[in-house]
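Below: the structure, in structure tokens.
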Amino acid sequence: MTDLTAGTQWPLARPYRLSLDSYARITGVHPDLIRRLIALGLLEITRDAEGNLWFDPSQVREMAKIQRLHLRLNITYASLGLVMDLLDRISDLERTQRRPHPERGRRWT
């Protein structure tokens, strides 16, 4: 008799994710604005087979960043995509500058 479950991996628990309503409640942002931000590409979501929106918990921090930039810089949500992309690039550049390079530790004399 063959084992039908051989090689099959079952998750121990459902991945933690937030529905649109719970995400809106946690972030304090109206669901219509959340849908607009999704359409602008500022938030990452997944959809299930029924078309429901699901958010990774990391998107709570992303919403805080969006709101902070919107309020402090006084720019539209549509413009935030460019600003956030530039900030991500700056962070990547800073990260690469912090990495130790093998040549930096050697003396040239």
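What you see below is based on every heavy atom in this structure, not just the backbone, and it leaves out hydrogens, waters and symmetry mates.
- Between Arg95 and Asp92 there is a salt bridge, since at least one side-chain N of the basic residue sits less than 4.0 Å from a carboxylate O of the acidic one.
- Contact annotation: the side chain of Val60 approaches that of Leu18 to within less than 4.5 Å [non-hydrogen atoms, C-beta and beyond].
- Note on Tyr16: it clusters hydrophobically with Leu20, by side-chain heavy-atom contacts below 4.5 Å among ILVMFWY residues.
- Screening residues 29-59 for ring pair (Phe, Tyr, Trp, His ring centres under 6.0 Å) gives Tyr23-Phe55 as the qualifying pairs, with residues at least two apart or on separate chains.
- At least one donor-acceptor pair under 3.5 Å links the side chain of Gln59 to the backbone N or O of Glu44.
- The hydrophobic cluster containing Ile90 does not contain Leu42, counting ILVMFWY residues as joined when their side-chain heavy atoms lie under 4.5 angstrom apart, directly or transitively.
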Counting only pairs under 3.5 Å, give me each side-chain donor-acceptor contact of residues 61-73, with atom names and distances, residues two or more places apart or in other chains.
| unit_1 | atom_1 | unit_2 | atom_2 | d |
| --- | --- | --- | --- | --- |
| Lys65 | NZ | Asp88 | OD1 | 3.4 |
| Gln67 | OE1 | Tyr77 | OH | 2.9 |
| His70 | ND1 | Ile75 | O | 2.7 |

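- Considering CD1 of Ile45 and CZ of Arg35, their distance stands at 10.5 Å, rounded to 0.5 Å.
- No side-chain heavy atom of Asn52 sits less than 4.5 Å from a side-chain heavy atom of Arg47.
- Between the OG1 atom in Thr46 and the CG atom in Leu53 there is a gap of 8.5 Å [rounded to 0.5 Å].
- Residues Asp21 and Ser19 have side chains that never bring a donor and an acceptor to within less than 3.5 angstrom of each other.
- Under the rule for a side chain to side chain contact (heavy atoms under 4.5 Å, CB included), Ala39 has no partner lying at least two apart in sequence or in another chain.
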TODO: In sequence, state the C-alpha distance, the side-chain angles, and the governing distance for Asp85 and Arg89, and then conclude on salt bridge (Lys or Arg N to Asp or Glu O under 4.0 Å).
DONE: CA-CA 6 Å; Asp85 184 48; Arg89 289 181 186 197; 3.4 Å; yes
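- Between Leu33 and Val29 the shortest heavy-atom distance is CD2-CG1, 3.5 Å.
- Interatomic distance, CG of Asp32 versus CG of Leu37, reported as 11.0 Å (0.5 Å rounding).
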